[in-house]
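For clarity, every value in this text was computed on a predicted model and none was experimentally measured.
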Amino acid sequence: MSLQNLNTFDPFADEGDPLGGNQDVGSTQNYLHIRIQQRNGRKTLTTLQGLPKGEAASSCCSVEFACNGNLVDDEEMGQVIQLQGDQRVKIANFLVEEGIPRNTIKLHGF
């Protein structure tokens with residue numbers, strides 16, 4: 001009888017050493033964060049945070065994904081694009097097609 005579930009797996013192996021450079025621990029400055037927020041009932045809101053200021057175009061995203069979009073300026077998070085509905089996977093694929101590396105995109109949510 002052999003046990004197959006005792007293999008070791010490090011989920012943080014591809015992240016590297018967080019204390020290896022001059023960056024703060026938990027720094028989010030180089031990542032694009034795609035989050036989903038529950039509004040009411042079945043309604044959701046997708047937010048995209050971390051795009052450079054010149055690339056924030058909510059109208060382009062809203063036309064591409066056939067949903068309503070809004071651009072919000074936040075003091076802590078900078079410019080945040082808000083889109084109606086669960087658009088996380090569509091946004092991630094769109095950003096990869098536009099030339100943004102997949103390892104800089106973080107998907108959050110359920």
Side-chain angles (χ1 to χ4, degrees):
M1 179 164 98
S2 66
L3 298 174
Q4 296 295 325
N5 63 350
L6 296 179
N7 296 333
T8 60
F9 174 71
D10 186 9
F12 303 108
D14 60 343
E15 293 294 323
D17 184 16
L19 301 175
N22 293 336
Q23 294 179 338
D24 296 333
V25 176
S27 176
T28 61
Q29 63 186 354
N30 296 329
Y31 293 111
L32 295 174
H33 294 277
I34 303 173
R35 294 183 174 90
I36 188 166
Q37 297 174 349
Q38 188 75 34
R39 288 187 350 177
N40 52 1
R42 294 176 47 198
K43 307 290 183 181
T44 57
L45 183 72
T46 304
T47 59
L48 172 62
Q49 168 200 345
L51 275 178
K53 291 190 182 238
E55 296 183 24
S58 64
S59 64
C60 174
C61 290
S62 64
V63 169
E64 180 75 24
F65 307 129
C67 66
N68 194 13
N70 189 18
L71 183 64
V72 177
D73 288 324
D74 192 319
E75 294 177 2
E76 293 179 12
M77 296 184 278
Q79 291 184 338
V80 178
I81 296 177
Q82 295 179 341
L83 299 172
Q84 287 182 347
D86 187 3
Q87 309 291 337
R88 291 175 294 171
V89 176
K90 293 179 184 177
I91 292 173
N93 291 337
F94 176 74
L95 292 173
V96 169
E97 289 174 4
E98 292 296 318
I100 296 175
R102 188 171 288 280
N103 60 354
T104 62
I105 299 172
K106 299 288 183 181
L107 287 175
H108 304 280
F110 328 119

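Contact of the Arg102 side chain with the Asn93 side chain is registered, since non-hydrogen atoms from C-beta on lie closer than 4.5 Å. Side chains of Gln79 and Leu51 form no contact here, defined as non-hydrogen atoms less than 4.5 Å apart.
In terms of heavy-atom proximity, Thr44 sits nearest to Asp86 at OG1-N, 3.3 Å. Scanning all heavy atoms of the two residues, the minimum distance from Asn30 to Thr104 falls at O-CB, 3.8 Å. Between Cys67 and Gln84, the shortest heavy-atom contact is CB-O, 3.6 Å.
Under the 4.5 Å side-chain heavy-atom criterion for ILVMFWY residues, no single connected hydrophobic cluster contains both Phe65 and Val72. Hydrophobic clustering (ILVMFWY, side-chain heavy atoms < 4.5 Å, transitive): Ile81 and Leu107 are in one cluster. When hydrophobic clusters are built by joining Ile, Leu, Val, Met, Phe, Trp and Tyr residues whose side-chain heavy atoms come closer than 4.5 Å, directly or via intermediates, Ile34 is grouped together with Phe94. Using a 4.5 Å cut-off between side-chain heavy atoms of Ile, Leu, Val, Met, Phe, Trp and Tyr, with links allowed through other members, Ile105 and Val89 fall into different hydrophobic clusters.
In this structure, CZ on Arg88 lies 12.0 Å from CZ on Arg35, to the nearest 0.5 angstrom. Rounded to the nearest 0.5 angstrom, Ile100 CD1 and Leu32 CG are separated by 5.0 Å. Here the straight-line distance linking atom CG of Leu45 with atom CD1 of Ile36 works out to 8.5 Å at 0.5 Å rounding.
With His33 as the partner, the side chain to side chain donor-acceptor pair (under 3.5 Å) test is satisfied by one option alone out of His108, Lys106, Gln49: His108. Test Ile91, Asn70, Leu48, Asn68 against Leu83 for side chain to side chain contact (heavy atoms under 4.5 Å, CB included) and you get one pass: Ile91.
Applying the 6.0 Å contact sphere to CZ of Arg42 captures no more than 12 heavy atoms from other residues, nucleotides or ligands.
In this structure a side-chain-to-backbone donor-acceptor pair under 3.5 Å is present from Thr46 to Gly85.
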